[in-house]
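Structure, as structure tokens:
Start at 1 with the first residue, then count along the sequence.
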Amino acid sequence: MAGTGESSRSWERETVPMVMTIVSPMLAQRDVYSLLLVSPWCYRALLSVSTIWEVLDLHEMTKAGERLRSALLLEQYQLVKKINLEFAQVEDEHFILLKGQIQGKVLQGLQHLNLNGCQKISDEGIEAITSCCPQLREFYLYWNVRLTNVGITHIVRNCRELRSLNLSGCKNISDHSLHLIADNYQKLQDLDITRCIKLTDRGLQQILLKCSLLQRLNLYALSSLTDAAYKKIACLSHLTFLDLCGAQNLTDEGLSCIAGCKNLSYLNLTWCVRVTDVGVVATAEGCRSLELLSLYGIVGVTDACLEALSKFCSNSLMTLDVNGCVGIKKRSREHLLQLFPLLRCFKVHS
């Protein structure tokens with residue numbers, strides 16, 4: 001019996017912590033917290049796995065602001081690299097208090113901050129949190145209607161290393177913000193300005209001329225932009241992702257210029273109602289690595305554009321949405337598969 005007891009203790013001290021250490025990186029952070037309570041041995045083993053504590057996930061949590069401040073006082077979170085507060089309960093005062101409480105290296109190595117849906121954060125909160133994160137590379141601010149040009153000023157002053165910026169739905173920023181971004185982030189790789197309704201051609205042109213390393217650009221639902229800006233997208237030789245859904249003023253001339261982005265693999269032209277076969281044929285000839293293309297709702301395209309796409313993109317195209325394209329007569333699944341044997345998805349929009 002004594003041997004059995006010793007074996008049990010050995011299992012608890014050695015085997016269980018070892019197993020927990022292996023599986024913990026694959027678990028949600030909340031599950032890891034539960035594992036801390038399994039035994040003292042598990043607790044010590046999990047604390048020693050530094051990669052677990054590089055991520056602080058508080059998304060959708062109540063009282064997330066208080067939880068964040070408490071967590072950052074713990075030793076294991078001193079080198080946190082990623083914080084997720086998406087749709088969590090957090091307000092300006094939490095970041096202001098946090099700025100006053102943290103010391104040393106806390107947040108100095110933070111690279112990823114997700115504040116998507118945090119609508120109680122204003123320019124004041126943005127100033128407080130960004131002043132603590134000089135190495136931030138990815139910043140997500142989707143649906144922050146309190147953010148203004150003042151907040152963007154704080155961001156560009158405090159975070160010089162940004163490579164990815166999501167401002168989708170931040171409807172109170174203007175061209176001035178785009179000028180700030182263009183002047184300070186020439187190495188920016190990913191920009192989302194979906195539904196930023198105050199933006200004009202002039203602001204976007206600055207981004208396209210100065211942020212030449214952009215790989216992803218989301219211009220979804222910016223219906224006021226025109227070819228004056230769209231033509232300059234051709235400056236982005238590294239671009240792989242472009243969403244122009246709802247670009248009502250995009251013409252074949254503008255799209256033919258965009259076709260110069262030869263590395264495009266994702267192109268959303270949904271409801272680009274002025275586009276015809278001319279623009280799509282130019283796209284097919286120029287962008288021969290397309291994997292996704294949506295022509296949803298464009299009545300000016302015909303079977304001729306599919307023939308061009310088949311000729312130049314049949315070896316790459318896996319998603320093609322031609323629903324609502326009444327000018328395309330042969331758009332059944334069977335016809336499309338004959339032209340594009342790699343197709344797996346026929347519908348981008350539900």
Chi angles and distances behind the side-chain contact (heavy atoms from CB on, under 4.5 Å) call for Q206, I181:
CA-CA 9 Å; Q206 291 301 304; I181 293 168; over 6 Å; no
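- Residues L141 and L167 come closest through the heavy atom pair CD1-CD2, 4.0 Å.
- Judged by distance alone, the side chain of S265 and the main-chain N or O of T240 form a donor-acceptor pair under 3.5 Å.
- Under a hydrophobic-cluster definition in which Ile, Leu, Val, Met, Phe, Trp and Tyr are linked whenever side-chain heavy atoms come within less than 4.5 Å, directly or via other members, I121 and L72 are assigned to the same cluster.
- Under the 4.5 Å side-chain criterion, counting only non-hydrogen atoms from C-beta, F340 is not in contact with L342.
- Side-chain contact between Q108 and P134 is present, with at least one heavy-atom pair separated by less than 4.5 Å.
- Listed for the R331 side chain is no donor-acceptor partner under 3.5 Å among the backbone atoms of N323.
- At a cut-off of 3.5 Å, with distance as the only test, no side-chain donor of H59 or E86 sits close to an acceptor on the other residue.
- When atom types are taken as modelled, the side chain of N172 and the backbone of L147 share no donor-acceptor pair closer than 3.5 angstrom.
- Atom CG of L219 and atom CG of L199 lie 9.5 Å apart (nearest 0.5 Å).
- The NZ atom of K81 sits 4.0 Å away from atom CD of E54, with the distance rounded to the nearest 0.5 Å.
- With contacts defined as side-chain heavy-atom distances shorter than 4.5 Å, the pair Y230/L255 does not qualify.
- Counting only heavy atoms from C-beta outward, the side chains of L309 and L339 never approach each other to under 4.5 Å.
- Put simply, the side chain of N144 never gets that close to the backbone of D123: no donor and acceptor are under 3.5 Å apart.
- Taking CG from L225 and CD1 from I193, the interatomic distance works out to 7.0 Å, rounded to the nearest 0.5 Å.
- Summarising the geometry of L239 relative to C261, their closest heavy-atom pair is CD2-SG, 4.3 Å, with the distance given to 0.1 Å.
- L115 is not connected to W143 by any chain of hydrophobic side-chain contacts under 4.5 Å among Ile, Leu, Val, Met, Phe, Trp and Tyr, and they are in different clusters.
- Sparse packing is recorded around CD of E253, with 12 or fewer heavy atoms of other residues, nucleotides or ligands lying under 6.0 Å away.
- Considering I233, L178, L236 as possible partners of I207, the one that fulfils the side-chain contact (heavy atoms from CB on, under 4.5 Å) test is L178.
- Under the 3.5 Å distance criterion, the side-chain polar atoms of N249 are matched with a main-chain donor or acceptor of S223.
- Checked by atom type and distance alone, the side chain of D252 pairs as donor or acceptor with a backbone atom of T276 at under 3.5 Å.
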Between D192 and L165, is the side-chain contact (heavy atoms from CB on, under 4.5 Å) condition met? List the steps.
CA-CA 7 Å; D192 189 339; L165 182 59; over 6 Å; no
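- When all heavy atoms of L209 and C235 are compared, the pair lying nearest together is CD2-SG, 4.2 Å.
- Across all their heavy atoms, R163 and E161 have their closest contact at NH1-O, 2.9 Å.
- Transitive grouping of hydrophobic side chains (ILVMFWY, heavy atoms separated by less than 4.5 Å) keeps V281 and V275 in distinct clusters.
- For Y220, the OH atom is loosely surrounded, since the number of other residues' heavy atoms within 6.0 Å does not exceed 12.
- For the residue pair T270 / D321, no side-chain donor-acceptor distance below 3.5 Å is found, with atom types taken as modelled.
- Both I102 and L136 belong to a common hydrophobic cluster when Ile, Leu, Val, Met, Phe, Trp and Tyr are linked at side-chain heavy-atom distances under 4.5 angstrom.
- Ring-plane geometry between W53 and Y77 is classed as perpendicular, the angle between the planes exceeding 60 degrees on a 0 to 90 degree scale with a lower cut at 30.
- Here the side chains of T283 and I258 are not in contact, with every heavy-atom distance at 4.5 Å or above.
- How far OG of S224 is from CD of Q248: 9.5 Å, rounded to the nearest 0.5 Å.
- The distance from atom CG of L244 to atom CG of L267, rounded to the nearest 0.5 Å, is 6.5 Å.
- Under a cut-off of 6.0 angstrom, the local environment of CZ in R202 is sparse, with at most 12 non-hydrogen atoms contributed by other residues, nucleotides or ligands.
- Other residues, nucleotides and ligands contribute more than 12 heavy atoms inside 6.0 Å of the CD atom of Q78.
- With L269 as the partner, the side-chain contact (heavy atoms from CB on, under 4.5 Å) test is satisfied by one option alone out of V301, L295, L242: L295.
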Might you work through the side-chain contact (heavy atoms from CB on, under 4.5 Å) test for V90 and F95, ending with a clear yes or no?
CA-CA 8 Å; V90 61; F95 290 157; 3.9 Å; yes
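- Between Y296 and H349, the two ring planes are tilted [angle within 30° to 60°].
- Between E127 and K99 the shortest side-chain heavy-atom distance falls below 4.5 Å.
- Between atom NZ of residue K329 and atom OG1 of residue T302 there is a gap of 9.5 Å, rounded to the nearest 0.5 Å.
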Mind running side-chain contact (heavy atoms from CB on, under 4.5 Å) on Y140 and S168 for me, showing each step along the way?
CA-CA 9 Å; Y140 300 92; S168 173; over 6 Å; no
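- The two residues K330 and L336 make their nearest non-hydrogen contact at O-CD2, 4.2 Å.
- Connection of V280 to V278 is not established within any shared hydrophobic cluster, with ILVMFWY side chains joined at heavy-atom distances below 4.5 Å, either directly or through further cluster members.
- When all heavy atoms are compared, the tightest approach of L110 to L113 is CD2-CB, 4.3 Å.
- Taking 4.5 Å as the limit, some side-chain heavy atom of N184 sits within range of a side-chain heavy atom of R160.
- You'll find the side chain of F139 reaches within 4.5 Å of the side chain of T130, heavy atoms only.
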